[in-house]
Amino acid sequence: MSVLEYIVISLALSIPLLVTVCEGARKTPIRLTRGLLASFVISLEHVLCILSGVALGNLFSSPDNADYNSMVYMGVMVLVAIWMLFPLFRSKSKESPAYDLSRWVTVILLGVATGMKSLMVGVAIGYMQPLRAEVWKLSVPLVVLMFLGSYFGLMLGRRKKEFHARRWQLIAVLFLLVFAFKGALWGE
């Protein structure tokens, strides 16, 4: 996979994080300097999750059967896309969950919880690509875009700015679905 594909996948994974962090910062105030560190911690957790997922995908993939690997890749990516659709069907009157980002335990656990999507995308990528060839091409865009997404969400939440979260999440799902079918049908 190319770096551009990893950038788009990282962007798709950072949008739900942006929404989650924005809701948390809207409910509980947090200083921007503390938010910088919290955003960095969350982005590092996402990188660890996706690299662990790639290692798991490499472990379970079949090097002799490319069709099997591409179908598992597509299936896992479609499952993650469906998983990302669930918050969109929540009624507008129901309040979305907010997390207290001023506590470090919450920040660490939020990074792990939101990193499960990254873990699953990593498993999908691991079925298609070896870990040793993809570490830097995957890690650098993910850490940068996750950091920017969570910090941008933090700034939006602190200012109590409204944005169309459903539209952005639909764009993220579309990105994942496009790369699921591209990777499964045309390979590398």
Side-chain angles (χ1 to χ4, degrees), residues 1-54 77 80-88 90 96-104 106-122 124-125 134-180:
M1 295 177 84
S2 70
V3 175
L4 181 63
E5 291 172 326
Y6 286 134
I7 289 172
V8 174
I9 288 173
S10 299
L11 184 64
L13 291 172
S14 69
I15 290 171
L17 178 65
L18 182 145
V19 172
T20 304
V21 170
C22 181
E23 290 299 320
R26 193 172 281 149
K27 303 290 185 205
T28 58
I30 182 172
R31 295 177 54 123
L32 284 179
T33 52
R34 187 177 181 118
L36 276 171
L37 187 58
S39 297
F40 185 69
V41 167
I42 290 172
S43 63
L44 283 180
E45 287 177 311
H46 276 265
V47 169
L48 289 175
C49 285
I50 203 164
L51 290 178
S52 301
V54 173
M77 291 290 268
V80 172
I82 291 170
W83 185 6
M84 288 172 66
L85 280 175
F86 283 146
L88 299 178
R90 184 179 331 147
S96 59
Y99 305 99
D100 184 8
L101 297 175
S102 62
R103 296 178 51 215
W104 285 110
T106 307
V107 169
I108 291 170
L109 292 176
L110 181 66
V112 171
T114 58
M116 290 301 108
K117 291 179 187 105
S118 297
L119 178 78
M120 295 305 293
V121 168
I125 292 170
E134 305 299 311
V135 169
W136 295 110
K137 288 194 305 187
L138 178 60
S139 299
V140 172
L142 188 69
V143 76
V144 168
L145 287 173
M146 285 293 176
F147 174 76
L148 291 175
S150 63
Y151 196 64
F152 187 61
L154 192 89
M155 290 189 297
L156 285 174
R158 285 186 74 236
R159 296 261 185 191
K160 299 192 180 6
K161 297 285 183 180
E162 292 297 323
F163 70 103
H164 302 285
R166 290 180 185 229
R167 287 184 197 160
W168 284 102
Q169 286 179 317
L170 281 174
I171 291 171
V173 169
L174 181 67
F175 283 161
L176 279 182
L177 288 176
V178 165
F179 281 102

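Keep in mind it's a predicted model, so treat the numbers as computed, not measured.
Interatomic distance, C22 SG to R158 CZ, rounded to the nearest 0.5 Å: 12.0 Å. Here the CE-CG distance, from M120 to L13, works out to 12.0 Å after rounding to the nearest 0.5 Å. Note that the CG atom of L148 and the CG atom of L11 stand 10.5 Å from one another [nearest 0.5 Å].
Annotation: salt bridge (Lys or Arg N to Asp or Glu O under 4.0 Å) contacts of R26 (sequence neighbours excluded): E23. A search for side-chain hydrogen bond (donor to acceptor under 3.5 Å, both in side chains) contacts involving S102 returns D100, not counting sequence neighbours. Scanning for side chain to side chain contact (heavy atoms under 4.5 Å, CB included) contacts around R34 gives I30, R31, W104, with sequence neighbours left out.
Counting heavy atoms from C-beta outward, V21 and Y151 have side chains that stay 4.5 Å or more apart. At a threshold of 4.5 Å between non-hydrogen side-chain atoms, the residues S139 and V135 count as touching.
Residue pairs that meet the side chain to side chain donor-acceptor pair (under 3.5 Å) test with at least one member in residues 6-19, sequence neighbours left out, are Y6-E134.
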Could you tabulate the donor-acceptor pairs under 3.5 Å formed by side-chain atoms of residues 168-180, not counting sequence neighbours?
none

Donor-acceptor list for residues 40-52 side chains, cut-off 3.5 Å, not counting sequence neighbours:
residue : atom : partner : partner atom : Å
S43     : OG   : S39     : O            : 3.2
S43     : OG   : F40     : O            : 2.8
H46     : ND1  : S118    : OG           : 2.8
H46     : NE2  : T114    : OG1          : 2.9
S52     : OG   : L48     : O            : 2.7

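Judged by distance alone, the side chain of T28 and the main-chain N or O of A25 form no donor-acceptor pair under 3.5 Å.
Applying the side chain to side chain contact (heavy atoms under 4.5 Å, CB included) test between K137 and each of L142, L4, V3 identifies V3 as the sole match.
For the residue pair L110 and L101, the shortest heavy atom distance occurs at CD2-CD2, 3.6 Å.
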